[in-house]
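Protein chains get the first letters and strands the later ones, always in sequence-line order, with residue 1 at the start of each. This structure is a prediction, so every number in the text was calculated from the model and none was measured.
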Protein chains: 2
Amino acid sequence: MTHSSELLKGTLQTIVLKVLKDYGKTYGYEITQRVKALSDGSIALTEGALYPTLHKLEAEGFLKTEKIIVGKRVRKYYMLTLLGKSEAKDRVSEFIDFMRTMGAVLQVEINRQ
Amino acid sequence: MTHSSELLKGTLQTIVLKVLKDYGKTYGYEITQRVKALSDGSIALTEGALYPTLHKLEAEGFLKTEKIIVGKRVRKYYMLTLLGKSEAKDRVSEFIDFMRTMGAVLQVEINRQ
DNA sequence: ATTGATACATAATTCACTTAGGCATAAGAC
DNA sequence: GTCTTATGCCTAAGTGAATTATGTATCAAT
């Protein structure tokens, strides 16, 4: 395990919420693929982390689900609730603040455009 | 506890190494004060996290220590070893990569200048 | 004298995540 | 045809960095 994977901790909920905000109705496996693509292969979400997180966000009222039968398999789509949309926005703002703060602490110039 | 404090996880070693790189010989309590100042009050390192981290970084050969008697109290100064200097640089680079990747995933424009 | 700041340290607990399973269908390689 | 890889969901045990809770002691200020 690299040190950078340590940095990833605490970002999973934010990532999931933002992906659902940007892409709408998405299923678990698809989220892993999107994040892998967006991160140029460097972020590989593990199922052991992803599924419990989806369930938790749903239990908190941020996500709602819809099951679709594809062939003989069940696919579970997740989408943001109204509350979830607001939460997604908040979490991204929070992340931007965090980056700015860390930029100051680490004396790295960071600008959001 | 806010969600942003969750984001902070995994950054402590990087912060400590970078502060020691930028300020040279520094003691534990001083590190908490510097980080608080640099982060405009938003990052308050807890002693329960800081001291074990300092001990661990020392055990790994990244830090060396020097005890100074101030009045009747012992103050323990930490400074980077040669290995620690290189590690500090690597960790900051890693953090910059992480921010860039997260910027891409969260569709937030981030530029380092 | 009592509070708050300075200064170190350890121990129990928490909790997000990793690791390791389990189950099943679909597609492609050989 | 069967073997591997990809698709697709899930839970449970274990890990480890953090929080929370203490403990000890000096110093300055009111």
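Remark: B/K76 is in phosphate contact with C/dA9, judged by side-chain N or O atoms under 4.0 Å from OP1 or OP2. In terms of phosphate contacts, A/Y27 brings a side-chain nitrogen or oxygen within less than 4.0 Å of OP1 or OP2 of D/dG8. The side chain of B/Y51 contributes no N or O atom lying less than 4.0 Å from OP1 or OP2 of C/dT10.
When side chains are defined from C-beta on, A/K67 does not count as touching A/R75, because their heavy atoms never get closer than 4.5 Å. In this structure, B/Q13 and B/R91 have side chains that are in contact, with non-hydrogen atoms separated by less than 4.5 Å.
Checking B/H55 against A/L50, the closest nucleotide of DNA chain C that is more toward the 5' end is the one next to B/H55. Between A/V74 and B/E47, the residue whose closest nucleotide on DNA chain D is further toward the 5' end is A/V74.
At whole-Å resolution of the value, CG in B/L12 and P in C/dA16 are 19 Å apart. Distance, B/E6 CD to C/dC17 P: 7 Å, rounded to whole Å. Between the CD atom of A/Q33 and the P atom of D/dT5 there is a distance of 16 Å, rounded to whole Å. Rounded to an integer number of Å, the gap from A/I69 CD1 to D/dG8 P is 13 Å. Here the P atom of nucleotide D/dA18 and the NZ atom of B/K56 are 8 Å apart, to the nearest Å. Between B/E66 atom CD and C/dC8 atom P there is a gap of 13 Å when expressed in whole angstrom units. Atoms NZ (A/K9) and C1' (D/dA17) sit 6 Å apart, rounded to a whole Å. One interatomic measurement links the two molecules: CD1 of B/I31 to P of C/dA9, which rounds to 11 Å at whole-angstrom precision.
In this structure, OH in B/Y77 is found 9.0 Å from CD in B/E66, a value given to the nearest 0.5 Å. Atom NZ of residue B/K21 and atom CG of residue A/L106 lie 11.0 Å apart, to the nearest 0.5 angstrom.
Across all strands, B/G28 comes closer than 4.0 Å only to sugar-phosphate atoms, never to a base (heavy-atom distances). Looking at heavy-atom distances under 4.0 Å, A/K67 makes no contact with the nucleic acid at all.
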Under 3.5 Å between N/O atoms: give me all the protein pairs with nucleotides 24-26 of chain C, atom names plus distance.
| residue | atom | partner | partner atom | Å |
| --- | --- | --- | --- | --- |
| C/dT25 | O2 | A/R73 | NH1 | 2.8 |
| C/dA26 | OP1 | A/K72 | N | 3.2 |

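For the side chain to side chain contact (heavy atoms under 4.5 Å, CB included) criterion with B/K18, the lone passing option out of B/V92, B/T11, B/L38 is B/V92.
Using cut-offs of 30° and 60° on the angle between ring planes, the pair B/Y78 and B/H55 is tilted.
Between A/E58 and A/K64 there is no salt bridge, since no side-chain N of the basic residue sits under 4.0 Å from a carboxylate O of the acidic one.
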